[in-house]
S.K.: 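Please read through the structure below; I'll follow up with questions.
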Amino acid sequence: MLVACSGEGDTEIVKRGFERAERQLSNQLKAIPEPTDYPRTIGKDGKLKVTHKNDWTEGFFPGCLWYVYEYTGRENWKDAALEWTEALEPLKKLTNHHDIGFLMYCSFGNAYRLTGAEAYKEILVESARSLCTRFNEKTGSIESWNYRKAWNGKDEWFYPVIIDNMMNLELLYFATRVTGDSIYAQIANRHAETTAKNQFREDYSNYHVVNYDEETGEVLHRATCQGFSDNSAWARGQAWAIYGYTMAYRETLRKDFLEIAVRTADFWLSHPNLPEDGIPYWDFNAGQAGYIPDWDYDPQKFKVIPCDASAAAIAASAFLELADYVTDGKKYTAAATHILHSLSSPAYLAEPDTNCNFILMHSTGSIPHNQEIDVPLVYADYYYLEALMRYARMCTR
Ligand code: GLY
């Protein structure tokens with residue numbers, strides 16, 4: 001498979017990233033030999049923290065194994081990827097939240113892409129059917145979470161849709177492509193159109209959460225759950241938007257989706273608060289005047305604002321794809337290259353056998369929840385490897 005890159009670009013980072021991935025993932029496989037506990041992060045006790053097929057992140061670990069297999073071509077990685085993917089099959093029936101897209105497409109999607117096995121296609125189509133059960137014609141969107149309350153303890157979110165949901169649409173576009181049934185893509189398009197209408201601000205930053213009235217389709221609240229404040233730009237939410245609309249353009253060739261991808265990417269790249277190394281703070285507006293959190297924020301605890309390597313990895317992967325769809329794509333290629341060099345440096349790439357054997361350091365899960373602050377996250381590793389693969393492909397063209 002991929003042996004070396006030639007042409008433009010420094011492909012040494014690809015080799016370094018995948019060598020580190022092989023070392024770290026081999027260690028993780030030794031630490032948790034059975035596909036029951038899926039690596040997620042480091043816990044507050046400093047130990048590896050796992051999830052048990054009941055969260056949104058289980059697809060990423062097998063996804064990492066698939067990328068390492070794709071890069072190395074070595075059968076041992078395929079065997080591990082198959083084992084950790086197939087154990088997720090029961091999740092194809094999951095209907096109690098929207099993240100079945102992440103869970104199944106990062107695992108079975110890569111499995112089908114790299115093996116062509118028909119059984120995986122069927123599992124993915126059934127997963128898409130499960131996701132469609134959360135679509136409501138009135139709101140024109142897929143419900144992300146079930147009922148919950150906002151941080152202010154007053155607002156009730158009856159039909160919350162979060163920007164992350166754009167990522168789950170890839171599963172639906174796939175289902176239409178392989179079945180010929182347009183219903184999945186129709187739902188994906190409706191969701192992307194509704195999100196475009198209701199979830200963005202004039203500057204193309206976005207609200208993390210939009211809560212709808214499911215009887216009338218009316219927007220009831222625009223708020224945050226994981227960002228700094230309702231009016232701030234949560235970095236990972238921005239990355240999900242860039243990636244989501246770039247993917248939606250790939251699947252539909254709709255110019256309105258491409259425009260959102262470009263505008264959301266340009267918001268990121270032109271932001272005065274983007275650090276030199278290209279790795280964003282966890283929220284572009286964290287701690288700034290005019291942004292008032294509803295959660296229990298103590299500025300003394302955040303004299304140094306944590307960054308989010310996961311947001312950077314997602315954005316890098318999206319920038320590399322977006323670069324191919326526009327005439328002035330070089331700025332996106334340059335941004336992705338810069339991010340990947342930063343992530344592949346000792347500042348973010350974990351030393352071998354450290355970091356509970358995750359690949360990257362310094363991500364942020366959710367500061368308002370006081371969870372996963374300046375830690376590794378399995379999805380940072382996944383999108384880093386995906387971006388390195390895209391970067392390698394770009395260098396060999
Ligand atoms: N989808 C959840 C997150 O981005 O943290």
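If you're wondering where the values come from, they're calculated on a predicted model, not measured in any experiment. One-based numbering, in listed order, for ligands and for the atoms of each. No hydrogens, no waters, no symmetry mates; every other heavy atom, side chains included, goes into these values.
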S.K.: Any carboxylate oxygen within less than 4.0 angstrom of a Lys/Arg side-chain nitrogen, looking at Glu251 and Arg177?
M.R.: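 Yes.
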
S.K.: What is the ring orientation for Phe228 with Tyr297, classed by angle as parallel under 30°, tilted 30 to 60°, or perpendicular over 60°?
M.R.: perpendicular

S.K.: Among Arg236, Gln371, Met167, which one has a heavy atom closest to atom 3 (C) of ligand 1?
M.R.: Arg236

S.K.: Enumerate the atoms of ligand 1 whose separation from the nearest heavy atom of Gln226 is less than 4.0 angstrom.
M.R.: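 In order of numbering, the contacting atoms are 3 (C), 5 (O).
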
S.K.: Say whether Asp99, considering both its backbone and side-chain N or O atoms, lies within less than 3.5 Å of an N or O atom on ligand 1.
M.R.: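 No, no N or O pair falls under 3.5 Å.
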
S.K.: Determine the sole option in Tyr184, Tyr112, Phe108 for which the ring-ring contact (aromatic ring centres under 6.0 Å, His included) test with Phe174 is passed.
M.R.: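 Between Phe174 and the candidates, ring-ring contact (aromatic ring centres under 6.0 Å, His included) is satisfied uniquely by Tyr112.
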
S.K.: If every non-hydrogen atom of Gln226 is compared with every non-hydrogen atom of Gly365, which pair is closest and at what distance?
M.R.: NE2-O, 3.4 Å

S.K.: Can you pull out the closest protein heavy atom to atom 2 (C) of ligand 1? Residue, atom name and distance to 0.1 Å, please.
M.R.: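 For this ligand atom, the closest protein heavy atom is Asp164 OD2, 3.1 Å.
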
S.K.: Please check whether Trp56 reaches ligand 1 - meaning an N/O of the residue sits under 3.5 Å from an N/O of the ligand, judged on distance alone.
M.R.: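 No: no nitrogen or oxygen of Trp56 is under 3.5 Å from one in ligand 1.
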
S.K.: So that I can tick it off, tell me whether Arg40 and Glu372 are bridged by a salt bridge, with the cut-off set at under 4.0 angstrom between side-chain N and carboxylate O.
M.R.: yes

